[in-house]
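Before any comments, here is the structure.
Keep in mind that this is a model prediction, so the values were computed, not measured.
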Amino acid sequence: MATAAFNLALRNPSTFILPKSPNPTKLRVCTLRCSSATADAVPGLSERPWKTSDARLVLEDGSIWRAKSFGASGTQVGEVVFNTSLTGYQEILTDPSYAGQFVLMTNPHIGNTGVNFDDEESKQCFLGGLVIRSISISTSNWRCAETLGDYLAERNIMGIYDVDTRAITRRLRQDGSLVGVLSTEESKTDEELLEMSRSWDIVGVDLISGVSCKEPYEWVDKTNSEWEFNYSGRDGEAFHVVAYDFGIKHNILRRLASHGCKITVVPSTWPASEILKRKPDGVLFSNGPGDPSAVPYAVETVKEILGKVPVFGICMGHQLLGQALGGKTFKMKFGHHGGNHPVRNLRSGHVEISAQNHNYAVDPASLPEGVEVTHVNLNDGSCAGLSYPAQNIMSLQYHPEASPGPRDSDYAFGEFIKLMKKVKVNA
């Protein structure tokens, strides 16, 4: 049997005297011999009982981060962004707005509540990978259906842990969002992975078409009564809303349905003329991934609809509205990703705790006269909401349906209802 032995002994025996004791106490010296069997000595055991580093995250700045893998294996390229949410990782995994990105969670401990199938924001995971500091070895939640690792493996999504997420976050804050490559393939050299990261770009890429639905469908599900918190201000009048799917989250549709809307969801490329034939009471332009300037066809669609029916833009929809009105969008240094961003409503003066997920913003200085900035992000002063009363337009650069407050921003759906009602009454 192969063994490793360790001798622990006091080589020079001596006497220890306890202070303030009339009778000094002598302590015997002992020799302790410990033996432990190596893995080779245990029949059937070919691996160490702990996982070793088997993955790499290579960033375009040349830094290489060794890590341990969970979920799927392979090699994947994406833009690395950090998310400051303390919880809600399942909503993040299924948010289509993260297509093409690796999400790094700044909260160090992830996975302790497992995964359930009620909190999903879409039918699949769209992000490129998940980067965390520590993965929970157990789950403890009454709604848990499976572990995070199993969930990602089933959906072919890569994850890594035991990596210094704080150091990477500081690097992203200093240098901005970086393209990276996740890999568990030992055959690929660091130089090859670095070249992959430097030859790939997310700017100017149409990511919307890959996450949008393919055919129109009707949405009927409301917010589950267990989670519903706001019934006020609803008179039972139904409004028909057509929602453009640029990567829409299910909770947006649930909140609209709970506010009494009949909803038709259409693909991102659906012609505006077909929408107007349906004579909807309002149109929603949803959230979605990537660069708004990379989807000129969507901007043209928005232009054709403006002024004809009330519209509500959320995140990507907000950015497309800004461009359709003649404004410009720009790529932020590292974007806003998290469930704890403070936003000031300039009309009411109230501060909302908001959920955000975007790398682009509208430049308010580029907007035409008459367009009002209604909300401002208090972290950096960027535009977080617009209104153009002359054309019955409203938009937000954050997620009112996520409500980490939890009720801070739900009023936005009520305002959209009031806007449609006003136009319908005056028609």
Spacing of [X] atom [atom1] and [Y] atom [atom2] [to the nearest 0.5 Å]:
X	Y	atom1	atom2	answer
Leu172	Leu178	CG	CG	5.5 Å
Met332	Ser177	CE	OG	10.0 Å
Leu194	Asp61	CG	CG	8.5 Å
Phe413	His259	CZ	NE2	7.0 Å
Leu127	Tyr98	CG	OH	9.0 Å
Phe82	Met105	CZ	CE	12.0 Å

If you define the side chain from C-beta out and look only at heavy atoms, does anything of [X] sit under 4.5 Å from [Y]?
X	Y	value
His358	Met316	no
Ile314	Ile252	yes
Asn224	Arg254	no
Leu321	Val302	yes
Pro280	Thr264	no
Asp150	Val115	no
Phe117	Arg143	no
Leu148	Leu130	yes

Which heavy atom of [X] sits nearest to which heavy atom of [Y], and what is that distance?
X	Y	answer
Gln76	Gly128	CG-O, 3.6 Å
Pro364	Val362	CD-O, 3.1 Å
Ser268	Ser212	N-OG, 2.9 Å
Ile353	Gly339	CG2-O, 3.9 Å
Cys261	Ile417	SG-CD1, 3.3 Å
Ile160	Leu182	CD1-CD2, 3.5 Å

- Message: Run His337 and Asn359 through side-chain hydrogen bond (donor to acceptor under 3.5 Å, both in side chains) and show every step you take.
- Response: CA-CA 8 Å; His337 310 276; Asn359 269 14; 2.6 Å; yes
- Message: If we check salt bridge (Lys or Arg N to Asp or Glu O under 4.0 Å) with Glu228, which of these qualifies: Lys222, Arg407, Arg255?
- Response: Arg255
- Task: Identify the residue among Phe416, Tyr244, Phe285 that makes a ring pair (Phe, Tyr, Trp, His ring centres under 6.0 Å) with Phe312.
- Result: Phe416
Side-chain donor or acceptor of [X] paired with backbone N/O of [Y] under 3.5 Å:
X	Y	result
Ser366	Lys328	yes
Arg170	Arg166	no
Ser183	Glu185	yes
Asn116	Ala145	no
Asp291	Gly204	yes
Asn107	Leu86	yes
Ser136	Ile110	no
Glu274	Pro271	no
Asp54	Ser69	yes
Thr184	Gly74	yes

- Message: Looking at Lys51 and Asp162, is there a salt bridge between them, counting it only when a charged N and a carboxylate O are closer than 4.0 Å?
- Response: no
- Message: Can you see whether Tyr89 engages Thr113 through a side-chain donor-acceptor pair at a distance of less than 3.5 angstrom?
- Response: yes
- Item | Test item: side-chain donor near acceptor, Asn345 and Tyr411, under 3.5 Å | yes
With a cut-off of 6.0 Å (strictly less than), are more than 12 heavy atoms of other residues, nucleotides or ligands near [atom1] of [X]?
X	atom1	result
Lys422	NZ	yes
Glu186	CD	no
Lys262	NZ	no
Arg173	CZ	no

- Task: State which residue, out of Asp410, Asn251, Thr223, fulfils the side chain to side chain donor-acceptor pair (under 3.5 Å) condition with Ser258.
- Result: Thr223
- Message: Can you pull out every salt bridge (Lys or Arg N to Asp or Glu O under 4.0 Å) where at least one residue sits in residues 362-387? Sequence neighbours excluded, please.
- Response: Arg347-Glu372
- Item | From CA spacing to verdict: salt bridge (Lys or Arg N to Asp or Glu O under 4.0 Å), Lys214, Asp245 | CA-CA 9 Å; Lys214 305 306 178 185; Asp245 180 10; over 6 Å; no
- Where do Gln397 and His336 land on the side-chain contact (heavy atoms from CB on, under 4.5 Å) test, with the steps shown first? CA-CA 10 Å; Gln397 183 61 91; His336 296 157; 5.9 Å; no
- Item | Check against side-chain contact (heavy atoms from CB on, under 4.5 Å), Lys303 and Gln323 | CA-CA 9 Å; Lys303 286 182 179 179; Gln323 289 190 353; over 6 Å; no
- Message: Walk me through whether Asn357 and Asp95 qualify under side-chain hydrogen bond (donor to acceptor under 3.5 Å, both in side chains).
- Response: CA-CA 9 Å; Asn357 174 20; Asp95 182 352; 3.2 Å; yes
- Task: Report the C-alpha distance between Tyr297 and Asp206 in whole Å, list the side-chain angles of each, state the deciding distance to 0.1 Å, and finish with yes or no for side-chain hydrogen bond (donor to acceptor under 3.5 Å, both in side chains).
- Result: CA-CA 10 Å; Tyr297 63 88; Asp206 175 9; 3.1 Å; yes
- Query: Should Asn377 and Ser382 be marked as a side-chain hydrogen bond (donor to acceptor under 3.5 Å, both in side chains) after you check the CA-CA gap, both sets of side-chain angles, and the distance that decides it?
  - Reply: CA-CA 5 Å; Asn377 187 297; Ser382 60; 4.6 Å; no
- Query: When you look at Phe246 and Val295, which way does the side-chain contact (heavy atoms from CB on, under 4.5 Å) test go after all the steps?
  - Reply: CA-CA 10 Å; Phe246 300 132; Val295 286; over 6 Å; no
- Message: One pair to check against side-chain contact (heavy atoms from CB on, under 4.5 Å): Ile275 and Thr301. What are the steps and the verdict?
- Response: CA-CA 10 Å; Ile275 299 298; Thr301 298; over 6 Å; no
